[in-house]
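Both ligands and their constituent atoms are indexed starting at 1 by order of listing.
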Amino acid sequence: METKWIKMLEDEPDMPAVKEAGHIIRNGGLVAFPTETVYGLGGDGLNREAAKKIYSAKGRPSDNPLIIHIADMEDLKMLTKEIPEKAKRLAEAFWPGPLTMIFHKSGQVPFETTGGLSTVAVRFPNHPVALAFIKESGGFVAAPSANTSGRPSPTSGIHVYEDLQGRIEMLLDSGEVGIGIESTIIDMTVEPPMILRPGFITEEMLSGVIGNIAVDSTTQKQIAGMAPKAPGMKYRHYAPRGELTIVSGSSKEVKEKINGLLKAAKEKGLRTGVIGTEENIRFYQADIKMNAGRKEDELTIARRLYSMLREFDEKQADVIYSEAFPGTGIGQAVMNRLLKAAGHKVIQAGQGGEKDDSNRQ
Ligand code: AMP
Ligand code: MG
C-alpha cells in the first residue's frame, strides 16, 4: 500500500486531508497523526479488526494495550463502566493534555483494543490536528506511538514515515511535536490512584489536585521478578541499535569517565556516540556528539531525546554513552525512558566500580 503523506501546520489542520483521514478510520484503516506528546498510529478504537491491524503494522505484541483518544469529555462515558470522582477532577485540571487515565472498560470497548484487559486507557490530547482528526474519525481513535515496536517513539512526521511507510494508509504530518515524551499514565481503578508511566504531568501536579497518589516502583528501576503494571513498559522500548550506557556522578567525574570509555571503545574499532548537556558536550572525544540542551532545561532534553536516539542509528553508532539527567519534574520521565533505552545499564563514575542495574533489585 502507498502511504499518503500530507504536511500541514499544527494550528491550521488541512481539513480536506483530515476528513479523508477520518473516512479511512471509519472504514477500518490506519492513519498516523501528531499529538502534543509523540505521533500516534491510529485506528477505530471500537473496531476489533482495526486494533489487530495496528498491532501488525507496528510489529507489536498483542498483549500490549492501546490508548483510546477522544476529543470530547462526553465520549468518556461510552468507554467506561464508571468515572471516579477523582478522575473527573483530573480531567478538569489536565484535559485536553498529556495525561492518560485507566478505567474499568465498558462492553463497547473490544478486548483486542485493551490487549485482553478489562480496563481501558483513555486520553484527550491537546493538539489541533489530533482533535480535528479524532472528531472526523467518529470520536474514538485507538493509538499507540507510531514507531515500529522497539524503536524510539516518533517526534516528527519523518520518523513515522521511516518506520511505517507502506503499512498505513495515511500520515498527517505537522512537523515536530512540543513535548516529545509519551503521556503520563495513571491508573484510576486503584486507591490511591497509581502512576504507571511518568510524563509531562508530574506526581506533584497530580497530587496537587487529588491528594495522595502511588507510583509504580518499576518506573525508576528494574526490580527482579517484578513486571511493570503498564504492560507496555515491560518491553525493551525506546532502544537505539547501538549499545547505550548511562554514566552518573559529579559533572567532572562523568566527563572523565565517559572520555575514558570512549577511548577504550575507539581502540576496539567501534564507532562512538555521546549524549551530553550543552555545558559539557564540547569536552567529549566521540565520533557522534548530541547536545541534549542545558542541564536545567528538562523540557528541551525531553523534546530532543528520541530524535537523538534515532540519529545515532542513522549515523551507525556502535556504543553510546549518556550523562544522567536530573530526575525532577519531567526529568523523571526523561530518566525513565533513558533507563529503558539503556536496558538499565548505569555506570557510577568516580567510585572505581561499575554498577549494572539491569538484573538487580
Ligand atoms: P504507547 O502509546 O506506545 O506508549 O502505548 C500505550 C501504553 O499504555 C503502553 O505502555 C500500555 O501498556 C499502556 N496501557 C494501555 N492500556 C492500559 C491498561 N488498560 N492498563 C495499563 N496500561 C495500559
Ligand atoms: Mg510506544
When you measure from the centre of the six-membered ring of F283, is the NZ or CZ of K255 under 6.0 Å away and within 45° of the axis?
-> yes
Please indicate whether any nitrogen or oxygen in E182 is less than 3.5 Å from any nitrogen or oxygen in ligand 1.
-> no
Using heavy-atom distances, let me know which of A146, S145, G115 sits nearest atom 2 (O) of ligand 1.
-> S145
Hey, are R151 and D313 close enough for a salt bridge, meaning a charged N less than 4.0 Å from a carboxylate O?
-> yes
Number the atoms of ligand 1 from 1 as they appear, then name those within less than 4.0 Å of a heavy atom of L66, with their elements.
-> 15 (C), 16 (N)
Salt-bridge criterion met for R123 and E36 (N-O under 4.0 Å) = yes
Is it the case that one hydrophobic cluster holds both F200 and V177, taking links as side-chain heavy atoms less than 4.5 Å apart, direct or via other members?
-> no
Would you kindly specify which portion of R123 sits under 4.0 Å from ligand 1, judged on non-hydrogen atoms: side chain, backbone, both or neither?
-> neither
Besides V18, the hydrophobic cluster formed by Ile, Leu, Val, Met, Phe, Trp and Tyr side chains linked at under 4.5 Å, directly or via other members, contains I6, M8, M15, I24, I25, V31, F33, V129, F133, I134, V141, M170, L172
Proximal atoms of ligand 1 relative to I185 (non-hydrogen, under 4.0 Å) = 7 (C), 8 (O), 13 (C)
Ligand 1 atoms in contact with L196 (distance to a heavy atom under 4.0 Å) = 21 (C)
Of all the atoms in ligand 1, which lie at a distance below 4.0 Å from a heavy atom belonging to R60?
-> 3 (O), 5 (O), 6 (C), 9 (C)
For ligand 1, which atoms have a heavy atom of R197 less than 4.0 angstrom away?
-> 1 (P), 4 (O), 7 (C)
Note: ligand 1 atoms sitting under 4.0 Å from heavy atoms of A121 are 15 (C), 16 (N), 17 (C)
Is E49 salt-bridged to K53, going by a charged N under 4.0 Å from an acidic O?
-> no
Closest to atom 23 (C) of ligand 1 (judged by heavy-atom distance), picking from G116, P65, G40 = P65
S145 backbone or side-chain N/O/S under 2.8 Å from the Mg ion (ligand 2) | yes
Hey, are E176 and R303 close enough for a salt bridge, meaning a charged N less than 4.0 Å from a carboxylate O?
-> no
Give a yes/no verdict on whether any heavy atom in K105 is under 4.0 Å from an atom of ligand 1.
-> no
Could you list which atoms of ligand 1 come closer than 4.0 Å to a heavy atom of T119?
-> 18 (C), 19 (N), 20 (N)
Which ligand 1 atoms, with their elements, are less than 4.0 angstrom from a heavy-atom of L117?
-> 18 (C), 19 (N), 20 (N)
Check ion pair R310-D163 (N to O, under 4.0 angstrom) = yes
Is the shortest distance from a Lys or Arg side-chain nitrogen in R89 or E92 to a carboxylate oxygen in the other one below 4.0 Å?
-> no
Polar side chain donor-acceptor pair, S106 to K77, under 3.5 angstrom | no
N64 heavy atom under 4.0 Å from ligand 1 | yes
